[in-house]
Amino acid sequence: MKRNKDKYFIILIILFELLFYLLEDQIKYNITLVVIPLLITITLLLLIYNNKHPDKNNYIYLILIYSIALKNIYVLKTSIYDRSYDILEIYDNGHLAYIYNLYKKNILPLTNEWQFYHPPLFHIIAALGLKINELLGFSLNKGIEGIQYINVVFSTLTIFTCYKIIDKIKIHNNFLIKLFMSVTPIYILFSGSINNDCLVTFLESLIILYLYKWDEMPTFKNTIILALITGFCVMTKYNGAIMAAPILFVFVSKLVKYIKNKNSKDLVTFFLKMLVFGIISLPIGLWYYIRSIIKFGLVKVPVPNDWLYVGNASILERFFDISFSQIFDKIYCNINGIDTNMFAYLVKSSLFEEFKYKIPNIISILLLSINIILIFISIFSILKYMFSKNKEKNLLLLFFVYIITIISYIIFNIKYPYFCSYDFRYIALTSFIGYCFISNYIELNKNKLIKYLVYFLTLIYSSLCVIFILMI
């Protein structure tokens, strides 16, 4: 029954976004008059439903509904050109041209320049959105702006998938994590963009969920689903390939278990599943990479402009110095040679991305301050887990994903020493994983003061995030 409820909820999310898209022109300038009555109605209906079918998870759905409302409010107020990356124009070589050429000419990029090097899954989905828009008789401009609603769906599904991970591995204080995920700005800002960051983050979260499912039930069905998700993840963005490490980790762990049990039948079945996984995932994930090598001779990762170069700063200054002055001297990310420190850039871009906002400084400063405290608590919690003798097995996979993601991120920044390489969007799921470890730590720690401090900080942080989004 619960699985069916989840399916219905996902369908409702998609239908809700389609409705918002269709009515966008009518409600764009009356957002408050539409959204608030709608939320009140949904809340009352859910309360009535919960009265007849009591389930505490119903209230979790309500949090997610409010999160969807925030995303839609943001999208209604935000053009694709306001806060997005490398869009450019339809005649250029950015994400918009990539999508437009697929939509209008049904062709993949004919060069490997700038954003055309990306694999095409998101761009194909966005192009299909434009074709549907054309069938509905709407203008091209409306269709292009409407791509944002596709990312609203992906962003919402990321949060929903994280909810399922939390429930799957029974993490303590899960209400706090769900609240944090529902309002933290990165997933809301994702919604206003028309690039592939949002989709790859969703697919990465889905891989984690299905790794837990596969580890519990390593059936052929779960193997095929995991293989498809993995292939699609790499077909969305090449950095999705870092998920190969946690997949290998789970597979090898299972192999070791089978070897210890000395069950030859299990071993034969295991290798058959690995064969199936490879046959499905590798062609889906690598075909565009191979196409690029054959057609262009290489996969050409774009090199940003020289003024974004940060390699002149020392390794110590970039990676090991925690510069609070760079955080608070300029509240938002500064790419003119000032924010050379990785930690400072991460802290700011995890909240505000690489953009500036005309909101009261006190809100931004409070958000930054609480964010820093939560980051340090999460790092402490992860270190505490790493050095503990009796590790909770349910967190081991999340720990591994976190470590691999951070290592990959640092290597990427060493290889491409540019300000844009620092951006938190490349490691967005670490905020979710970090908070999972915070929740685990405060549950195991006997000091109630720390627990109440985290509760208080999370509630204040969540309230400030809502105010921040509404004031943009």
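Residues take their numbers from the sequence shown, with the count starting at 1. Heavy atoms only: backbone and side chains are in, while hydrogens, waters and symmetry mates are out.
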Could you tell me how the ring of [X] sits relative to the ring of [Y]: parallel (under 30°), tilted (30 to 60°) or perpendicular (over 60°)?
X	Y	answer
Tyr416	Phe412	tilted
Phe190	Tyr187	perpendicular
Tyr357	Phe352	tilted

_Residue pair Glu145 / Ser79, side-chain donor-acceptor N/O under 3.5 Å_ =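 Judged by distance alone, the side chains do pair up.
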
Compute both the distance and the angle, then confirm whether [X] meets the cation-pi test with [Y]: under 6.0 Å from the six-membered ring centre, within 45 degrees of the axis.
X	Y	result
Arg83	Tyr74	no
Lys142	Tyr21	yes
Lys213	Tyr210	yes

*With distance as the sole test, does Ser349 use its side chain to make a donor-acceptor pair with the main-chain N or O of Phe424 at under 3.5 Å?*
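The answer is yes, because a donor-acceptor pair under 3.5 Å joins these two groups.
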
*asked:* Tell me if the CZ atom of Phe355 is crowded by more than 12 foreign heavy atoms within 6.0 Å.
replied: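 Correct, the count exceeds 12.
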
*asked:* Going by side chain to side chain donor-acceptor pair (under 3.5 Å), name the residues that satisfy it together with Ser193, two or more places apart in sequence or in a different chain.
replied: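 By the side chain to side chain donor-acceptor pair (under 3.5 Å) rule, Ser193 matches Asn195.
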
_According to side chain to side chain donor-acceptor pair (under 3.5 Å), who are the partners of Asp86, at least two apart in sequence or on a separate chain?_
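Listed in chain order: Gln115.
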
*Taking only residues two or more places apart in sequence or in another chain, which ones pass side-chain contact (heavy atoms from CB on, under 4.5 Å) with Tyr66?*
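Applying side-chain contact (heavy atoms from CB on, under 4.5 Å) to Tyr66 gives Leu39, Thr43, Leu62.
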
